[in-house]
Number of protein chains: 2
Amino acid sequence: MARITGSNGARTAAAIRRAALKLIYRQGFAAMNLRDLAAEVGIQPSSLYNHIPGKQALLSDMMREHMEVLLDSTEAALAAAGPALMDRLRAFIGHHVLYHMERRQEVYIANFELRALDPASRARIVALRNGYEARLMGLLEEGVALGELEVADIRVTAFAMLAMLTGICTWYRPGGRLGKAELVQLHTELALNGIRRR
Amino acid sequence: MARITGSNGARTAAAIRRAALKLIYRQGFAAMNLRDLAAEVGIQPSSLYNHIPGKQALLSDMMREHMEVLLDSTEAALAAAGPALMDRLRAFIGHHVLYHMERRQEVYIANFELRALDPASRARIVALRNGYEARLMGLLEEGVALGELEVADIRVTAFAMLAMLTGICTWYRPGGRLGKAELVQLHTELALNGIRRR
DNA sequence: TCCGGAAACTAACGTACCTTCGTTTCCAGC
DNA sequence: GCTGGAAACGAAGGTACGTTAGTTTCCGGA
């Protein structure tokens, strides 16, 4: 046997990403092995190397792509919002929650597999994440300057908000008691109540 | 060579726990290997088996012990607080934040290594964690009944609060810009502002 | 002081993992 | 219709891991 009828490079590469996402999310990167990954894709372990340089590179590529999508879609959401600060803040929060529900596997991996990366890749990902956090801090600062927000400590508040909003991807499952729109609404109010001027 | 001068069972067992905590926190359970663990303790890999039944049991024992400490110290903090609901709620939040700063390694592991456990151990730990979460939900319900809190959804709110408060153990380091007391204060206000009746 | 067991050592077993190699078959552009 | 490269295969190399076995030395209670 050799090349299989109907095989296609792009399709297999995508299947590998999808399978890796599922397995890393379920077991963690270190616990995932390439035999299981190949089996999930439906090919032999050695065939993986036609599409990826190695196990490590697979993870860092996936994480970098994820961070870029997160940053780009965040910018799009902010651009689509009105110019008023509170509109942009609501857009940021709403987008964050929605994104974390819809791509909770990518998010979970990006948050908790940083330590599995080689130092160079980690530095790149951390830089992207810092940029994301800085975006929220900028909005908070703006709100304070405008007198619309009351924030004791920008940095701690931003971290606390992000932790709260990110938490949803540890328990949310589609088809649960509450729908996405309701959860976005609930989290937006919880987050804003914590900082809104009274 | 054989038994080393000055060796002591209890001391070595404690050193193993301490070293495992450090290594699992840094690399994850699956990525930690017993050779590195033994080296960190200063003994040979096989000597570990004088103190632990195996790698898997080490993790589940550590996690169970951690959850019991968390639950017990929470009860103590609640008992020490005044009878008023808001006092107990503040005690819960303050204790949670402080505990998560002081034992951030244990907490981090307990939160993110659940998937590394065998199903039976995982069920035990999850049950303990559910009890902890239920404790907070109980306080929120009480507050709503008393008219002191405004909570749209008890369950989601409790999860959001816990995520926010737990987030501190991902970035807090002793000796940072803010002290423990300040961080407890900041987080308490952020959490309460989100739910307090206005 | 003596002795049983605790606690360490060295050596090694079997497995499982990531990766490489060489080969074979299929697809696509000319 | 040919042909070069893409994409799969089977087999295996080399390492690292968890764990066991057997042995040796030290501690602490009688």
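Protein chains get the first letters and strands the later ones, always in sequence-line order, with residue 1 at the start of each.
The interatomic distance linking B:Y49 (OH) with C:dT10 (P) rounds to 17 Å, in whole Å. For A:N50 and C:dT24, the CG to P distance is 16 Å, given to the nearest whole Å. In this entry the distance linking CZ of A:R11 with P of D:dA6 reads 17 Å, nearest Å. Per the geometry, CD1 belonging to A:I43 stands 8 Å off C1' belonging to D:dA8, to the nearest Å. Nucleotide C:dC21 holds its C1' atom 16 Å from the CG atom of A:L48, rounded to whole Å.
Between the side chain of B:S46 and the base of C:dT10, a donor-acceptor pair under 3.5 Å is found.
Ionic pairing of A:R90 and A:D87 is not present here: no N-O contact between side-chain nitrogen and carboxylate oxygen is shorter than 4.0 angstrom. In summary, B:R196 and B:E189 engage in a salt bridge, as defined by a charged side-chain N under 4.0 Å from a carboxylate O.
Contacts of A:Q44 with the nucleic acid, taken as non-hydrogen atoms under 4.0 Å apart, involve only primed sugar atoms and P, OP1 or OP2.
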Would you list the protein and nucleotides 14-17 of chain C atom pairs, both N or O, that sit under 3.5 Å from each other?
unit_1 : atom_1 : unit_2 : atom_2 : d
C:dC17 : OP1    : A:N33  : ND2    : 3.0

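When the side-chain nitrogen and oxygen atoms of A:S47 are compared with OP1 and OP2 of D:dC9, one or more of them lie within a distance under 4.0 Å. Contact between the side-chain N/O atoms of B:T12 and the OP1/OP2 oxygens of C:dA8 is found at a separation under 4.0 Å. In this model, the phosphate group of C:dA8 is approached by a side-chain N or O of B:H51 to a distance below 4.0 Å at OP1 or OP2.
For the pair A:E113 (side chain) and A:A30 (backbone), a donor-acceptor distance under 3.5 Å is absent. Remark: side-chain polar atoms of B:R104 are paired, donor with acceptor, to backbone N or O of B:Y172 under 3.5 angstrom.
Residues A:R135 and A:E75 are in side-chain contact: their nearest non-hydrogen atoms beyond the backbone lie under 4.5 Å apart. You'll find the side chain of B:V184 reaches within 4.5 Å of the side chain of B:M101, heavy atoms only.
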